[in-house]
Amino acid sequence: MPQCGIPWPVPNPGPDRPQPIVPMLDIQALRQDPDRYRKAMRDKGYSEDPVLRALDLDARRRAAVTALQEYKERANALSREIGPLMKEGRRDEAESARAETGRLKGVIREAEDAARGLETELERTMLEIPNAAHESVPVGRSAADNAIPFTFGSPRAFDFDAKPHWELIERHGLVDFERGAKVTGAGFPFYVGKGARLQRALVNFFLDMATTVGGYTEIEPPVVVNEASARGTGQLPDKEDQMYEVTRDGLYAIPTAEVPVTNFHRDEILPEDALPIRYCAYTPCFRREAGSYGKDVRGLNRLHQFDKVELVQIVHPSKSYEALETLREDAERLLQRLELPYRRVVLCTGDMGFTQTKTYDLEVWSGGQERWLEVSSVSNFESFQARRMMIRYKPKDGSKPEIVHTLNGSALALPRIVAALLENNQQADGSIAIPEALRPYTGFDRIG
RNA sequence: GGAGGGGUGGCAGAGCGGUUGAAUGCAGCGGUCUUGAAAACCGCCGUGCCGCAAGGCACCGUGGGUUCGAAUCCCACCCCCUCCGCCA
């Protein structure tokens, strides 16, 4: 029984109901305040053209729908008369009514095609409009314009030649990339011995922190999902290049636990007092990383399969920015306990994703490579995902269901944490110190 | 993989060609009663779209078809459940 007070099991969820590609934006919101969305497009670095096209299509669509409805109304009214007329024996009148509805049928079909065409085009256009950034997000064009409001710890000054983690890994036999490449392919490493134990320790530590201090309910989800779920969180229609696909069964290997966990409540109406819902989940994540090469893929920096603990929150729309801060703190606390220097980055409008309204990246300092590595991305999606997934809540006052807000964040992505841990904690003799907080989980206090 | 059964409102569950957008029960909301609560009783109570409104249109897994008219008939597909087989 989940602690969130959600009925269990969820009745009749219809897990693979074919979902139309519903726009993540509400056309009515767009209609009411087009300028807001035009500004949002500019801020995120997109052309505002789709907004203008959407408004035009919407106007034409509404006209077409109105016309269509009028034809249908006439046909329905006539149709209703036929039964009684037949009973009264007024055959001629019944026949002429029948002929007229027959004629209307053709007209209706044409009007339907017109309306449907406009609707499809509108939906397609709406999909080009990103979620508007929150007002607190700095406006900017690239990563150079991101804000860095907080830094924890400071990069360690080594009095010896600090090694990158791939050298440390090799020295201590923690990860076997070569055999991973043989057995599966590049980017699918084996973790071995203390390397494997370190993974398990981190996963357990993260989950324990999330479930105790954070108050998250632990979930172990499927690691492949169907198409409707991939749509729900926005991986489809246009990010399929990033996912491994099991074509025979129409399933996708998850790129993050966000996908199955957020879809857990797809097509549901939750009681208001079930909110906020907080889930944490450990899963492997699979990413094709098509088109990314170069030196940042060395070692553990970028893999096709990696482990991650993910946090997901489903909250009342008025509470999502509070929730964003707690989510961020839940992730930051882990870095602090691990004593890893990190910085908090607020992504500017131009650097953030299509679907987010505000995103914090947490970047850990990697002493051997002397660079910052992104280990967590914490985002508010407001209603963008929830609208697609039709996750709503039923207000306590009995009024109509409303769309919830969803958020998620990594806490944390393991490989880069391991990289930073090894690099920052390496000693002159080549051994590696395990931070205090992790020792109960590893069962050893140093490697080598 | 084989054989059956089934998908209807927040949930359960009727309906199987024409005032059925859909009985009934539960849940929810409002009220009466009560010191308070429970119980009982009364009322309200699906969603989306078009419209200033009145009102209209659509939706009973999805898509198509038959019909003047379909939740109800036909076809295809998807999903769920049960049993058998296989299996960690």
Side-chain angles (χ1 to χ4, degrees), chain A residues 4-23 25-32 54 57-88 90-109 111-116 118-120 122-123 126 220 222-223 225-232 248-251 263 265-275 383 386-404:
Chain A
C4 59
I6 304 304
W8 179 275
V10 174
N12 196 22
D16 201 21
R17 185 180 311 164
Q19 275 203 325
I21 305 173
V22 182
L25 260 182
D26 184 5
I27 180 65
Q28 299 197 43
L30 189 96
R31 213 186 286 150
Q32 272 167 15
L57 284 165
D58 178 48
R60 284 158 60 201
R61 176 191 125 258
R62 285 190 290 165
V65 166
T66 305
L68 168 64
Q69 289 186 355
E70 276 165 15
Y71 295 133
K72 282 190 171 177
E73 184 179 351
R74 262 174 37 214
N76 285 346
L78 279 171
S79 212
R80 268 192 297 269
E81 289 172 15
I82 291 174
L85 284 173
M86 293 292 275
K87 263 182 212 144
E88 293 169 32
R90 297 154 72 181
R91 300 198 68 98
D92 290 353
E93 288 168 71
E95 274 314 318
S96 75
R98 194 180 282 198
E100 174 65 3
T101 53
R103 192 187 67 80
L104 277 172
K105 219 167 152 179
V107 179
I108 287 172
R109 181 157 291 233
E112 246 168 13
D113 289 345
R116 194 180 310 181
L118 287 165
E119 209 142 304
T120 307
L122 174 61
E123 281 176 9
M126 293 287 282
E220 185 179 312
V223 298
V225 296
N226 59 32
E227 193 183 317
S229 297
R231 271 188 208 300
R248 188 182 173 130
D249 299 293
L251 299 173
N263 274 282
H265 290 298
R266 172 154 51 83
D267 291 323
E268 291 184 24
I269 298 176
L270 308 159
E272 182 175 352
D273 53 21
L275 304 178
S383 61
R387 175 169 295 109
R388 260 199 180 179
M389 279 184 281
M390 283 308 276
I391 305 179
R392 292 170 291 174
Y393 73 94
K394 179 83 174 163
K396 272 206 275 279
D397 62 10
S399 60
K400 291 188 179 183
E402 306 270 357
I403 307 277
V404 298

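Quick note: numbers below take in every heavy atom, side chains included, and nothing from hydrogens, waters or symmetry partners. Each chain gets a letter, A, B and so on, in the order its sequence line appears, and its residues count up from 1. Because the structure is a prediction, the values reported are computed rather than measured.
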Sub-3.5 Å pairs of nitrogen or oxygen atoms, protein against nucleotides 85-87 of chain B:
none

Using a cut-off of under 3.5 Å, enumerate the N/O to N/O pairs linking the protein to nucleotides 53-58 of chain B.
unit_1, atom_1, unit_2, atom_2, d
rG56(B), O2', E73(A), OE1, 3.3
rG56(B), N2, Q69(A), OE1, 2.9
rG56(B), N2, Q69(A), NE2, 2.8
rC57(B), OP1, N76(A), ND2, 3.3

If we take the P atom in both rC77(B) and rG4(B), what is their distance in whole Å? 15 Å
Parsed dot-bracket for RNA chain B after applying the Watson-Crick and G-U rules with both distances under 3.5 Å and | for other-strand partners is ((((((((.[[[..)..(.....]]].(((((.......))))).(((((....))))).[[[[[..)....]]]]])))))))....
The nucleotide from rC68(B), rC50(B), rG65(B) with an atom nearest the side chain of R98(A) is rC68(B)
When rounded to whole Å, the CG to P distance for the pair L78(A) and rU67(B) reads 18 Å
Practice prompt. Considering only atom C1', compute the distance from rU35(B) to rG28(B) and round it to an integer number of Å.
Written response: 27 Å
Looking only at rG10(B), rC50(B), rG69(B), the nucleotide nearest the I269(A) side chain is rG10(B)
Tell me whether the side-chain N/O atoms of Q28(A) come closer than 4.0 Å to OP1 or OP2 in rG48(B). no
Say we look at rA71(B) and rG9(B): how far apart would their C1' atoms be, to the nearest angstrom? 12 Å
* Does OP1 or OP2 of rC45(B) have a side-chain N or O of K400(A) closer than 4.0 Å? -> no
| message | On the nucleotide rG65(B), are OP1 or OP2 found under 4.0 Å from the side-chain N or O atoms that R109(A) carries? | response | yes
5'-most contact on RNA chain B (nearest-nucleotide basis), A97(A) vs I27(A), goes to I27(A)
Checking rG48(B), rC50(B), rC68(B) against the side chain of R62(A) (C-beta onward), the nearest is rC50(B)
